2 protein chains.
Amino acid sequence: MNKPAPVAEAEAPTALHQRIRTDIEAKILSGELGPGDRIPFEHELTEQYGCSRMTVSKAISALAEAGLIERRRRAGSFVARPRVHSAVLDIPDLRAEIEGRGQAYRFELSVCVQRAADGPDEAELAGGRTLLALRGVHFADARPFSLEDRLISLRAAPEAARIDFTQISPGAWLLEHIPWTEAENRISALAADTEAARLLAIAPRTACLAVERRTWRAGVGVTRVRQLFPGEAYDLVARFGPSRG
Amino acid sequence: MNKPAPVAEAEAPTALHQRIRTDIEAKILSGELGPGDRIPFEHELTEQYGCSRMTVSKAISALAEAGLIERRRRAGSFVARPRVHSAVLDIPDLRAEIEGRGQAYRFELSVCVQRAADGPDEAELAGGRTLLALRGVHFADARPFSLEDRLISLRAAPEAARIDFTQISPGAWLLEHIPWTEAENRISALAADTEAARLLAIAPRTACLAVERRTWRAGVGVTRVRQLFPGEAYDLVARFGPSRG
DNA sequence: CTCGGATTTATGTCTATACATATTCGAGAC
DNA sequence: GTCTCGAATATGTATAGACATAAATCCGAG
């Protein structure tokens, strides 16, 4: 039992509430505190760190919001059990991702037409107007990296009809001009059809990772994009830690 | 003595700092405030809500931590641009997922052996000891839902060698007894080989979604699991909103 | 006109206090 | 015994004030 008395230590220049937070986080990550264990009461930490209750409370509240801890009145604060299903998913910005590996990024537009909505999903996106339908390939150096099929709602983004998407990729333009406020991603696997395989320069029926993203701005659909990645060539990595960095 | 009896408005019983937070969040989600826009200064909100600066600060700090807002000293607080690549991924707990749809869940173990590590990745997981290698299928009603290949480190979980995994699925047992503190998920697509196709009752070479998860406890590897989902049969859905909820 | 330092300002952290609220626990009623 | 009610307690929210810190801005010296 070692009381970490605030003696002469190499103190980090961090704020105290941050230090309390990371201290507890460390105890959880090290397994010293497991799910269900009670962490010290606020008044105990208050004494231990020689600070006011507000400071301790701020630290613990942040941990609670991050999902590492559950607080119960009168009972205390307890380490939460890790949730299997929650993780942070990195769906990369393709340009940044490719250039980050030192490869040259290029987007090659192959289709760009206005057309009416087809089916209920597209109708919701179109909202009675027409859609801009795009298809193109993202290249890393000379190699096809991802096939992109995109619909843009001309209701949400009427200016898009006048943009030359051979100069700027649709994703980059949209983020710059119609930033989304909500997004939903679907991830699935499917076999590339003949046309997709040709554009990606892979064998037909190769298993591909399909990412479909829909975005909204203030509840109004902005775009729906499907990206196809050759399966063996790419991974999406998701991590779960104590969050925060 | 008695409460102020807020008759005039249908006030939510929420805390004030929460209300400030959701108010600003709503302005961002509605597009009224776009990326780069400055939100009111703390002292303005203080006046607007008739509360102290601490209360306003708590609300804005929470938004900053959630990534919706960036704060810059002396300059103010600004709406952050949405990051394309960060989303919350729902990797479901299979039992909960299946039973949630009203189907019967069953796990059928087909292989359970102890063996030595094979390759550097497995060696790191094993840490000089042997591994427990499992294979089994998760069923929804009578239909195969997912093929699971799992390695359990007997260093991190020696008791696992004595568990009867026909009675409890390895994932459920591990979460109960050796909860992880860190996890990494990889998502990719691949074609089912003959054996996998047989176990999943699908055509060989069908495109499947492959989820590989590794977990650690206090930096020590616990398990590595690969789950294979028939591609058309399943989606992983990831959402990004203002988080929280 | 430029550079560098002083000033101003908004956020960052912290305190001491107060009261509200949910939940547990024990004492007394039945 | 068990049920109910009130006391105890830990968290939840909020305040007013204080000082620290970073950065934009202004201003004077060169």
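Just so it is clear, the structure is predicted and the values come from calculations on it, not from any experiment. In what follows, every chain begins at residue 1, and chains take the letters A, B, ... in the order their sequences are listed.
Contacts classified as side-chain hydrogen bond (donor to acceptor under 3.5 Å, both in side chains) and involving residues 152-162 of chain B (residues at least two apart or in different chains) are not found.
Scored by the salt bridge (Lys or Arg N to Asp or Glu O under 4.0 Å) test, A:R74 finds no partners at all (sequence neighbours excluded). For B:E32, there are no salt bridge (Lys or Arg N to Asp or Glu O under 4.0 Å) partners two or more places apart in sequence or in a different chain. Every residue two or more places apart in sequence or in another chain that forms a ring-ring contact (aromatic ring centres under 6.0 Å, His included) with B:H138 is listed here: B:Y105, B:F107. Here B:T223 pairs with B:R150 under the side-chain hydrogen bond (donor to acceptor under 3.5 Å, both in side chains) rule; sequence neighbours left out. Taking A:F41 as the reference, A:H43 meet the ring-ring contact (aromatic ring centres under 6.0 Å, His included) condition, with sequence neighbours excluded.
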## Note on the structure
Readout for nucleotides 6-15 of chain C: B = base within 4.0 Å of protein heavy atom, S = sugar-phosphate only, - = neither; 5' to 3' it is --BBBBBBBB
Tell me which donor-acceptor pairs under 3.5 Å the side chains of residues 163-174 of chain B have, and how far apart each pair is, sequence neighbours excluded?
unit_1	atom_1	unit_2	atom_2	d
B:D164	OD1	B:T166	N	3.0
B:D164	OD1	B:T166	OG1	2.6
B:D164	OD2	B:T166	OG1	3.1
B:S169	OG	B:A172	N	3.4
B:W173	NE1	B:H177	ND1	3.2

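Reading DNA chain D from its 5' end, the first and the last nucleotide to sit under 4.0 Å from a heavy atom of chain B are D:dT13 to D:dT25.
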